[in-house]
Amino acid sequence: MAERYDVQEVEARWQRRWEQEGTYQVDLDDPRPPSYVLCMYPYPSGPAHQGHVRNYTFGDVLVRYRTMKGEAVLSPFGFDSFGLPAENAAIKGGMPPRAYTEARIAELKRSVRRLGAVYDWRREIRSHDPDYILWNQVIFLELLKAGLAYRAEAPVNWCPGCHTVLANEQVLADGTCERSGDVVERRNLEQWFLRITRYADELVDALDGLDWPERVKTMQRNWIGRSLGAQFSLPVKNRPELSIDVFTTRPDTAFGMTYAVLAPEHPLVETLTTPEQRAEVEELAARASEESDIERLSSEGSLDKRGAFTGSYVVNPFNGEPIPVYVADYVLIGYGTGAIMAVPAEDQRDYDFAALYGLPVVRTVEPPEGFEGGAYSGDGPHINSRWLNGLDNAAAKAKAIEWLTAQGIGQATVNYRLRDWLISRQRYWGCPIPVVYCPTDGIQGVARDDLPVLLPEDVEFRPTGQSPLRFHEGFLNATCPKCGGPAKRETDTMDTFVDSSWYFLRFANPHHEDGPIDVAAARQYLPVDRYIGGITHAILHLLYARFYTRALGDIGLSPPEIREPFEQLFCQGMIRMDGKAMSKSRGNVVSPDTYFDTVGADALRLFHLFAGPPVEDIDWSEQSDEIIEGCLRFLGRVWRLASGDIGGEATSSDGSPGAGELRREVHRTIARVTADIERYGFNTAVAALMELTNTVYRHVHAGTDGTIVSEAIDTLLELLAPFAPHLAAEAYEHRHGIHVHTRPWPEADPSELAVERTTLVVQVNGKLRDRIEVDAGLGEDEVIALALASDKVQQLLGDVAPRRVVARPPSLVNIVA
RNA sequence: GCCCGGAUGGCGGAAUGGUAGACGCGGCGGCCUCAAAAGCCGCUGUCUGAAAGGGCGUGCGGGUUCGAGUCCCGCUCCGGGCACCA
């Protein structure tokens, strides 16, 4: 059997077998306990890159491990196949989007198969398939019925590069498009929104219970940005019919309010600006509207010329004092009420503004002794605040809100940074929004029988960037489902994040015909036990999916008790090269296919598993190829062991001294590898397997009992099966004619884990001075006696009696002299 | 500015408060071979020493402890997130 290992032949053969034998197919009547391991479904951009390989290798280890553990592991795969690149390719004169996308899917699928990652391909989902479009549209119409989808005019983000509007989540902090890098413009447009804000509280509260990386949870918390405060009105002086509503998180500081500020876009600006101030205010408003978000949001630069007095005054209801009303661009129309009470003493922005415009500063919270600087936003006793004096921040806040409520001028209010999710995209290659506009009946959802609304294929892509749907007569002209008269079809398509917000629910039964989600199947497999993907989706996809899961449950399309889609989330580190992310545009990709053709999938998998902790980023360097060679060398060592190529002269029999030691090492490795897999410690799991391999080699050379060696090799192959599945399967089949991936996961025998002999470390004053091989069962007195008797200790101590001896039997004694 | 994460040999990295550097890469040496490759075996933190041994050593400075890479306080540097959100 000591034959050469033909990587290409063996890997291809096992990949076929796993699929043909349905090793990783699960069904609804599967008697094994269900579990669900999922990697984020990819946008198909061609053959897999190293990031995919890393992702799918991690997922595959878990799928194979849990299968050997006896679970029915749902392991589906799909493609997030709508999206801009396909359409851009068409505009550049390439293939039509469908053909282009399907060609990319075929390429990606091929490399995923060559990686040896196993999926139940019967469940494949592609978001551009008519079936998926149908259910996407059904869901949309149900959301519309439930009031969770609506159309409204709002200031939106327009990306000139992508020729479409974007969700807030798709605009980076510097005001550029996350996809194209263009500076995003603000436009007032009528668009479709999903009411994610209705779930804001639940989305933020439920984060606490999730087994997710803390930083992802923090990012979501920040994004939702819940703040608790109060809203109340400031009556305009001498104009009893007018008042300004303001939102504040610090109603306790209201006695220090020395002016009020309106956002330049605030509707009352026009009314409140006096003729003398008009020119100045209008100039400011004009400049603010022209400025990009980058400039507008920048905290850099002076506040000079960024504010203007309206000429009007409002009355501070707390003390009856009149205060001036300003307009300033640092107040945003989209947050709170678009107007604020300004308290310079306790808010740094207000302080800076006040300093510039010569406005008074009245402290209402006593700063601590020696406090220097402008605004003090910390806690402290209230001053200059009449009936709030002496109270701390929290008590004063509660009392202020109570007073506002009693006066009937305000109440406690919660504000969120989170906005509703804008899903309209002015692009072709996406799921059509299934509504028509009727001159008599207005917005009408397309009738169920007319779904799905599919994309016409006889379209012309224009370099203007305008969606071809807008010029396609056959698509545009529809009939109103209510009156039967002519109507115009919606030409916008959905954000592709809509597609990815529920695919994991569909996977439970992707062929279900009575609705988007098979409720019973979803109950069986969801939530996803292990969700694996990149940190890049920390907000976008992962927040939308949490929202959708809840919304679908609440409108009766999915099990309402499933609130969270992903019980545990694991975010793998990125692969970098020269400090930058590997990407096609940077031209620094190292194609996995090259490795499949040479060293094989197992060696590349091992590299990704072994190179470092899965959460950390890894650098692809010159050393990477050498490490891959090392992984290949390790696989060769295992293969030669398993095929009986080395040693072989099993000299001693059962009683050989090495046998017990080897067996203990095997069980120790079982325990280590199992624990490491559970905590995503794949790098140390592989290291443990390498150690065991080295140990077995030593025992073979030492002539340890062949039966024990053989057992050790079998266990080694079983433990290796999730990591290097092809080689493990091939070797195991050669030895036993059994498919290793159908074997139960080995269990560590606790009695084998108990060691008999151990090394007693002897320290003097905390420094290592001697090591003594001892019986592991020794007690405190015995190890101390041994330690004190040590020659080295005797020499060091001389005549001095130890002042203290600390013993941790059986492994350590520290003598304090 | 605020909030996280990190810093360990030539390199990637291991280490429930208890032998720092597992495992691997690279390097050095040996065996095998006509030779090479492959393979197998061994050495490899640093200084000192012929050796035995000893000194030093986990970004920097303090502290807690019998004992600190690990815990606490104060810094430096790197990476990431948030940042006019009232």
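All heavy atoms count here, side chains included; hydrogens, waters and symmetry mates do not. The model shown is predicted, which means the values in this text are computed figures rather than measured ones. Chain naming here is simple, since letters A, B, ... match the order of the sequence lines and numbering starts at 1 in each.
When A:Asp602, A:Thr57, A:Leu606, A:Leu635 are each tested for a side-chain contact (heavy atoms from CB on, under 4.5 Å) with A:Phe723, only one passes: A:Leu606. The residue from A:Phe634, A:Phe682, A:Trp620 that alone fulfils the ring-ring contact (aromatic ring centres under 6.0 Å, His included) condition with A:Phe607 is A:Trp620.
For A:Arg640 and B:C40, the shortest distance from a side-chain N or O to OP1 or OP2 is below 4.0 Å. The phosphate of B:A83 has OP1 or OP2 within less than 4.0 Å of a side-chain N or O from A:Arg417. Distances shown here put a side-chain N or O of A:Tyr697 below 4.0 Å from the OP1 or OP2 atom of B:C40. For the pair A:His701 and B:C40, the criterion of a side-chain N or O lying under 4.0 Å from OP1 or OP2 is not met.
A syn base is found at B:G9: its glycosidic angle is within 90° of 0.
Look at the P atom in both B:A68 and B:G18: the space between them is 11 Å, to the nearest Å. Only the P atoms considered, B:G26 is 15 Å distant from B:G12, to the nearest whole Å. Rounded to whole Å, the separation between the C1' atoms of B:C72 and B:G17 comes to 13 Å. Here, B:C4 and B:G55 have their C1' atoms 39 Å apart, quoted to the whole Å. Between B:A36 and B:C28, the two P atoms lie 15 Å apart (nearest whole Å). Taking atom C1' in both B:G69 and B:G6, the straight-line distance is 13 Å, to the nearest Å. Taking atom P in both B:C23 and B:C73, one finds a spacing of 35 Å when rounded to whole Å. Taking the P atoms as reference points, B:A22 lies 16 Å from B:U8, given to the whole Å.
Nearest heavy-atom pair, A:Asn694 versus A:Arg637, reported as atom, atom and distance to 0.1 Å: OD1-NH2, 3.0 Å. Across every non-hydrogen atom of A:Leu418 and A:Ala200, the tightest pair is CD2-CB, 4.1 Å. Across A:Arg250 and A:Met341, no two heavy atoms sit closer than the pair O-CE, 3.3 Å. The two atoms that bring A:Gln50 and A:Val590 nearest to each other are NE2-O, 2.9 Å, heavy atoms only.
Between A:Ile340 and A:Thr218, the one whose closest nucleotide on RNA chain B sits nearer the 5' end is A:Thr218. Nearer the 5' end of RNA chain B, as judged by each residue's closest nucleotide, is the contact made by A:Pro613, out of A:Thr248 and A:Pro613.
Side-chain atoms of A:Asn814 come within donor-acceptor range of the base of B:C66, with a qualifying N/O pair under 3.5 Å. Applying the 3.5 Å distance criterion, the base of B:G5 shares no donor-acceptor pair with the side chain of A:Arg215.
Ranking B:A86, B:C41, B:U19 by closeness to the A:Val761 side chain, first place goes to B:U19. Which of B:G18, B:C82, B:C56 sits closest to the side chain of A:Val806 comes down to B:G18.
Here B:U8 presents its C1' atom at 14 Å from CD of A:Glu616, a figure rounded to the nearest Å. If you measure from atom CD1 of A:Ile535 to atom P of B:G81, you get 9 Å, rounded to the nearest angstrom. We find that NZ of A:Lys767 is positioned 12 Å from P of B:G67, with the value rounded to whole Å. Between the CE atom of A:Met219 and the P atom of B:A83 there is a distance of 10 Å, given to the nearest Å. Whole-Å rounding puts the A:Asp617 CG to B:C4 P distance at 20 Å. For A:Asp676 and B:G13, the CG to P distance is 17 Å, given to the nearest whole Å. One interatomic measurement links the two molecules: OH of A:Tyr5 to P of B:A38, which rounds to 20 Å at whole-angstrom precision. Protein atom CG of A:Leu632 is 17 Å distant from nucleotide atom P of B:A37, rounded to whole Å.
Side-chain contact check for A:Tyr330 and A:Asp352: no donor-acceptor pair (N or O, by modelled atom type) lies under 3.5 Å. Residues A:Arg679 and A:Thr684 have side chains that bring a donor and an acceptor to within less than 3.5 angstrom of each other. With no hydrogens or angles considered, no side-chain donor-acceptor pair links A:Asp791 and A:Gln795 at under 3.5 Å.
With the 3.5 Å cutoff on both pairing distances, Watson-Crick and G-U pairs in RNA chain B assemble into runs of at least 3 at B:1-7 with B:76-82, B:10-12 with B:23-25, B:26-31 with B:39-44, B:45-48 with B:53-56, B:59-63 with B:71-75.
A salt bridge does not link A:Lys397 with A:Asp252: every distance from a Lys NZ or Arg NE/NH1/NH2 to an Asp or Glu carboxylate oxygen is 4.0 Å or more.
Backbone-only contact: A:Arg679 has heavy atoms under 4.0 Å from sugar-phosphate atoms and none from a base. Contact annotation for A:Arg769: backbone-only contact, meaning every heavy-atom pair under 4.0 Å involves sugar-phosphate atoms and none involves a base.
Stacking of A:Arg417 on the aromatic ring of A:Trp223 is recorded, both the 6.0 Å distance cut-off and the 45° axial limit being met.
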TODO: Starting from the C-alpha separation in whole Å, work towards a yes-or-no answer on side-chain contact (heavy atoms from CB on, under 4.5 Å) for A:Val216 and A:Cys571.
DONE: CA-CA 9 Å; A:Val216 175; A:Cys571 292; 4.0 Å; yes
TODO: List the protein contact pattern of nucleotides 20-25 of chain B with one symbol per nucleotide (5' to 3'): B for base contact, S for sugar-phosphate-only contact, - for none; contact means a heavy-atom distance under 4.0 Å.
DONE: --BBBB
